[in-house]
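Right, one structure below, let's go through it.
Values below: every heavy atom of this structure, side chains too, minus hydrogens, waters and symmetry copies. So that the names make sense, note that chain A is the first sequence line, chain B the second, and so on, each numbered from 1.
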Amino acid sequence: MELEFGDGTITLDKELNQLDELALMFSRSLVECDIAHVFLSGYVSILFGRSRSSEDIDVVTEPLDAQGFEELWNRLLKDMDCIITDDPHSAFEDYLLKDTAIRFAMKDEFVPNVDIKFATDELQVQAIKEHLTVVLNGEPLMISPLEQQVAYKLYLGSEKDIEDARFIFKLFSDRLDEDELTGLIRVLELDLTVSKKYLGWET
Amino acid sequence: MNVDIEELDRKKQKNFEERLEFIDRYVEWLKRTPNKKWSKQQKKIVG
C-alpha cells in the first residue's frame, strides 16, 4: 500500500469503488457550501482497504442554520435525492435539529446512501476540529482522527465494529498516538485490557 | 432437538477470534500490495 503522510494529510491513489465515488460526490457539495464536516465510522475502514461493503456512509457536519441547510439541500439535489423526506423544512426541523440523521442516495437509488447528521457531542465536535484530510485521487476527503476512529468503534462494540477498529489499528500502528488512543478509551469508559486484546495491541 | 448453547458460544467466540487473526493477515498483505492491485480486488466486493 502506498500512502503519503503530510501535516494532517494522507494521500491515497486507488481504483475507486462505488462508496468512494459516493463519498467524493457528497464531499464536493459540502466543500462547495463551505461546511465543516468529517466522514467517519465504517467507511473510513473501507476507504483504506477493508474487505467489506456497507449500505451507508456516515457524515457529521457542523450544526447549520436553516439557510445554510437549504443551500446544502439544493446543492445535493442536483445529483441525489433525500430518501427520508422530500421536504427540506421537515428534514431540518423534524430530523437534523432533533439529532436524527437524514439519508441521501443517487437519484432513483436507495443504497448505498450517505447518512448525515449535525455534530451534537464533544467527540463529534473534536473530530471535525481535528480532522485528517485524505487526498483521494487528488480530491480532499475529511475524515475523523484515526485514534478516535479506533476508540469509537471499540465503544460501538459489535463484532463488525471491533474488526474495523483492529483493521485501522493494525494498518496505522506506527502512526497512531498511543497516549491519545489510551485517553480516548478511558474517556469512553472502556476496559483498557479488553480493548488492547481486541486490537491485538502488544505492549 | 438438543442444542448445547455453551458449545455454540465457544464456536462463536472462536470464529470471532479467527476473524481478528484474518484481519491481521489481511493488513500485512495490504501493506505489501500495490494500491492498484488491492483496490481492484476490493472493488469486486464493494461494487
Side-chain angles (χ1 to χ4, degrees), chain A residues 1-4 10-23 42-43 45-57 106 109 111-112 134 136-137 150 153-154 157-175 194 196-202, chain B:
Chain A
M1 175 178 279
E2 303 96 349
L3 295 173
E4 279 182 33
I10 302 175
T11 300
L12 168 65
D13 290 311
K14 64 183 279 199
E15 186 164 328
L16 301 179
N17 58 55
Q18 63 173 344
L19 293 177
D20 296 323
E21 301 272 13
L22 184 62
Y43 172 65
S45 302
I46 295 168
L47 171 64
F48 289 112
R50 175 97 151 88
S51 57
R52 72 170 181 85
S53 192
S54 175
E55 66 189 11
D56 60 18
I57 295 172
M106 298 303 292
E109 294 181 4
V111 289
V134 176
L136 176 61
N137 291 18
V150 172
K153 276 289 186 177
L154 288 174
S158 74
E159 290 190 359
K160 179 194 72 177
D161 294 315
I162 293 167
E163 289 166 13
D164 280 350
R166 184 154 174 148
F167 175 81
I168 293 293
F169 180 82
K170 290 287 181 178
L171 189 62
F172 294 100
S173 55
D174 54 349
R175 295 273 175 182
V194 173
K196 285 187 170 183
K197 183 184 167 198
Y198 282 151
L199 295 176
W201 185 352
E202 294 160 5
Chain B
M1 184 191 301
N2 288 323
V3 177
D4 185 340
I5 294 297
E6 286 186 5
E7 176 62 17
L8 277 183
D9 286 346
R10 274 194 295 274
K11 285 183 177 177
K12 182 181 169 189
Q13 180 62 25
K14 187 166 182 293
N15 183 57
F16 179 47
E17 288 167 4
E18 286 172 2
R19 288 197 54 79
L20 293 179
E21 284 174 20
F22 163 75
I23 286 169
D24 293 355
R25 290 173 190 271
Y26 179 64
V27 168
E28 289 308 311
W29 178 82
L30 267 184
K31 284 180 175 176
R32 63 175 184 265
T33 302
N35 293 352
K36 193 172 180 180
K37 184 173 180 179
W38 67 254
S39 61
K40 187 176 182 180
Q41 291 192 24
Q42 187 197 34
K43 192 173 180 178
K44 290 179 184 170
I45 294 171
V46 178

Given heavy-atom pairs under 4.5 angstrom as the criterion, report whether the side chain, backbone, both or neither of [X] touches chain B.
{"X": "L47(A)", "value": "backbone"}
{"X": "L16(A)", "value": "backbone"}
{"X": "R50(A)", "value": "both"}

Heavy-atom pair count under 4.5 Å with chain B, highest-scoring of Q18(A), E21(A), R166(A), K14(A):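 Most heavy-atom pairs within the cutoff with chain B belong to R166(A).
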
Which pair of non-hydrogen atoms, one from [X] and one from [Y], has the smallest distance, and what is that distance?
{"X": "P34(B)", "Y": "E2(A)", "result": "CA-OE2, 3.5 Å"}
{"X": "F167(A)", "Y": "V27(B)", "result": "CD1-CG2, 3.6 Å"}
{"X": "F48(A)", "Y": "W38(B)", "result": "C-CH2, 4.1 Å"}

Interface residue of largest heavy-atom contact number with chain A, from I45(B), N35(B), D24(B), under 4.5 Å: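 Among I45(B), N35(B), D24(B), the one with the most close pairs to chain A is N35(B).
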
Q42(B) side-chain N/O to I46(A) backbone N/O, donor-acceptor pair under 3.5 Å: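 Confirmed, Q42(B) side chain pairs with I46(A) backbone.
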
Does [X] have more than 12 heavy atoms from other residues, nucleotides or ligands lying within 6.0 Å of its [atom1]?
{"X": "E4(A)", "atom1": "CD", "answer": "no"}
{"X": "K31(B)", "atom1": "NZ", "answer": "yes"}
{"X": "E6(B)", "atom1": "CD", "answer": "no"}
{"X": "Y198(A)", "atom1": "OH", "answer": "no"}

E163(A) side chain reached by L20(B) side chain, heavy atoms, under 4.5 Å: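 The answer is yes; the side chains approach within 4.5 Å.
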
F22(B) side chain reached by S51(A) side chain, heavy atoms, under 4.5 Å: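 Result yes, sub-4.5 Å side-chain heavy-atom pair found.
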
Region of L30(B) in contact with chain A, defined by heavy-atom distances below 4.5 Å: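 The answer is both parts of L30(B).
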
Verdict with supporting geometry, E159(A) and R19(B), salt bridge (Lys or Arg N to Asp or Glu O under 4.0 Å): CA-CA 9 Å; E159(A) 290 190 359; R19(B) 288 197 54 79; over 6 Å; no

If you look only at distance, which donor and acceptor atoms sit under 3.5 Å apart when one is on a side chain in residues 168-175 of chain A and the other is two or more places apart or in another chain?
unit_1, atom_1, unit_2, atom_2, d
K170(A), NZ, G200(A), O, 3.0
S173(A), OG, K170(A), O, 3.3

